[in-house]
Amino acid sequence: MGSTQVKTDWIPDAEARDVYSRQCPCRGLLDMLADKWTALTIGALEDGPRRFGQLRVKLEGISQKMLTQTLRTLERDGLVTRTVYPTVPLRVDYELTELGHSAAEPLAAVRAWSTGNLPQVVTARRAFDQRATDVPQPSS
């Protein structure tokens with residue numbers, strides 16, 4: 001048989017939602033929110049609307065293609081609105097929706113945890129890598 005496909009337009013009752021279940025459509029949402037560019041884009045929009053170019057400058061290292069893809073996903077999922085102003089040149093602003101603001105708080109906590117705990121993680125990585133390279137000595 002083919003691979004299992006999760007329906008994205010099906011909404012189970014709250015009691016039936018279980019992100020640990022392979023069939024739960026919440027997994028796709030969790031995957032989207034756990035993406036680094038999603039977390040950083042939402043963070044960049046917390047203080048108000050921004051234009052595409054402003055987001056590219058703020059999100060160092062993101063490609064134009066990845067930013068476009070991330071913004072489209074966020075817009076499709078209802079976390080971001082895209083407003084086009086018919087000016088010359090055309091102006092487009094991206095802004096968090098109410099739903100986007102509700103996602104911003106837990107993502108801000110993850111970003112803060114990442115920056116606050118980086119030294120401990122680096123220390124743990126070094127210790128792990130050192131143990132992996134240590135050659136056990138034969139006992140006599």
Side-chain angles (χ1 to χ4, degrees):
M1 287 198 183
S3 65
T4 304
Q5 200 71 325
V6 175
K7 283 187 76 171
T8 58
D9 59 348
W10 169 67
I11 305 171
D13 293 335
E15 311 81 52
R17 292 181 209 145
D18 178 7
V19 294
Y20 297 101
S21 169
R22 179 184 317 191
Q23 295 299 319
C24 185
C26 296
R27 278 198 178 185
L29 186 55
L30 181 61
D31 187 46
M32 182 270 296
L33 288 171
D35 176 77
K36 79 174 173 192
W37 293 122
T38 295
L40 294 174
T41 301
I42 288 174
L45 291 170
E46 281 181 298
D47 294 330
R50 288 186 188 243
R51 296 172 76 176
F52 188 90
Q54 292 172 315
L55 288 168
R56 272 202 71 196
V57 169
K58 177 80 172 168
L59 303 171
E60 293 181 8
I62 194 169
S63 67
Q64 181 171 336
K65 179 181 176 183
M66 182 53 69
L67 180 55
T68 298
Q69 182 179 326
T70 301
L71 288 167
R72 283 186 183 155
T73 298
L74 291 171
E75 183 180 11
R76 180 175 185 254
D77 288 347
L79 280 74
V80 165
T81 58
R82 178 179 183 266
T83 305
V84 179
Y85 297 95
T87 59
V88 178
L90 201 64
R91 180 176 153 199
V92 180
D93 283 348
Y94 296 91
E95 186 173 11
L96 291 179
T97 63
E98 188 175 325
L99 185 62
H101 279 288
S102 74
E105 186 177 337
L107 290 174
V110 170
R111 290 190 309 273
W113 185 92
S114 297
T115 57
N117 290 287
L118 181 62
Q120 295 92 317
V121 171
V122 169
T123 299
R125 287 176 179 172
R126 288 179 183 153
F128 179 89
D129 293 345
Q130 183 60 47
R131 287 191 306 273
T133 59
D134 286 344
V135 178
Q137 299 296 320
S139 57
S140 342

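For the single chain, residues carry numbers from 1 onward in sequence order.
- Considering all non-hydrogen atoms of both residues, G116 and P119 come closest at O-CD, 4.0 Å.
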Test side-chain contact (heavy atoms from CB on, under 4.5 Å) on F52 and V92 and set out the steps. CA-CA 7 Å; F52 188 90; V92 180; over 6 Å; no
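- Contact record, I42 with G100: CG2-O, 4.1 Å, taken as the closest heavy-atom pair.
- Remark: side-chain polar atoms of R27 are paired, donor with acceptor, to backbone N or O of Y20 under 3.5 angstrom.
- A donor-acceptor pair under 3.5 Å is formed between the side chain of D35 and the backbone N or O of W37.
- Between the R50 side chain and the A44 main chain, a donor and an acceptor come within less than 3.5 Å of each other.
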For V57 and Q54, what are the C-alpha separation, side-chain angles and deciding distance, and is it a side-chain contact (heavy atoms from CB on, under 4.5 Å)? CA-CA 5 Å; V57 169; Q54 292 172 315; 5.9 Å; no
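- Atoms CG and OH, on L67 and Y94 in that order, are 7.5 Å from each other to the nearest 0.5 Å.
- Going from atom CG of L40 over to atom CG of L45 covers 11.0 Å, rounded to the nearest 0.5 Å.
- Residue H101 holds its NE2 atom at 4.5 Å from CG of L96, rounded to the nearest 0.5 Å.
- In this structure, the side chains of M32 and L29 come closer than 4.5 Å at one or more pairs of heavy atoms.
- Applying the 6.0 Å contact sphere to CD of Q120 captures more than 12 heavy atoms from other residues, nucleotides or ligands.
- No more than 12 heavy atoms of other residues, nucleotides or ligands sit less than 6.0 Å from atom CZ of R72.
- Hydrophobic clustering of Ile, Leu, Val, Met, Phe, Trp and Tyr side chains at less than 4.5 Å, counting indirect connections, unites V80 with V84.
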Before you tell me yes or no, could you show the steps for F128 and R131 under side-chain contact (heavy atoms from CB on, under 4.5 Å), namely the whole-Å CA-CA distance, both residues' side-chain angles and the distance that decides it to 0.1 Å? CA-CA 5 Å; F128 179 89; R131 287 191 306 273; 3.7 Å; yes
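- Separation of atoms CG (L79) and OG (S102) is listed at 6.5 Å; rounding is to 0.5 Å.
- Contact detail for R56 and S63: the closest heavy-atom pair is NE-C, 4.3 Å.
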Walk me through it: do L55 and I62 pass the test side-chain contact (heavy atoms from CB on, under 4.5 Å)? CA-CA 9 Å; L55 288 168; I62 194 169; over 6 Å; no
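- Taken to the nearest 0.5 Å, the OG1 atom of T38 stands 8.0 Å off from the CG atom of L107.
- When the side chains of ILVMFWY residues are joined at heavy-atom separations under 4.5 Å, either directly or via intervening members, L74 and L99 end up in a single hydrophobic cluster.
- Residue T97 holds its OG1 atom at 10.5 Å from CD of E75, rounded to the nearest 0.5 Å.
- Side-chain atoms of R111 come within 3.5 Å of backbone N or O of A39 as a donor-acceptor pair.
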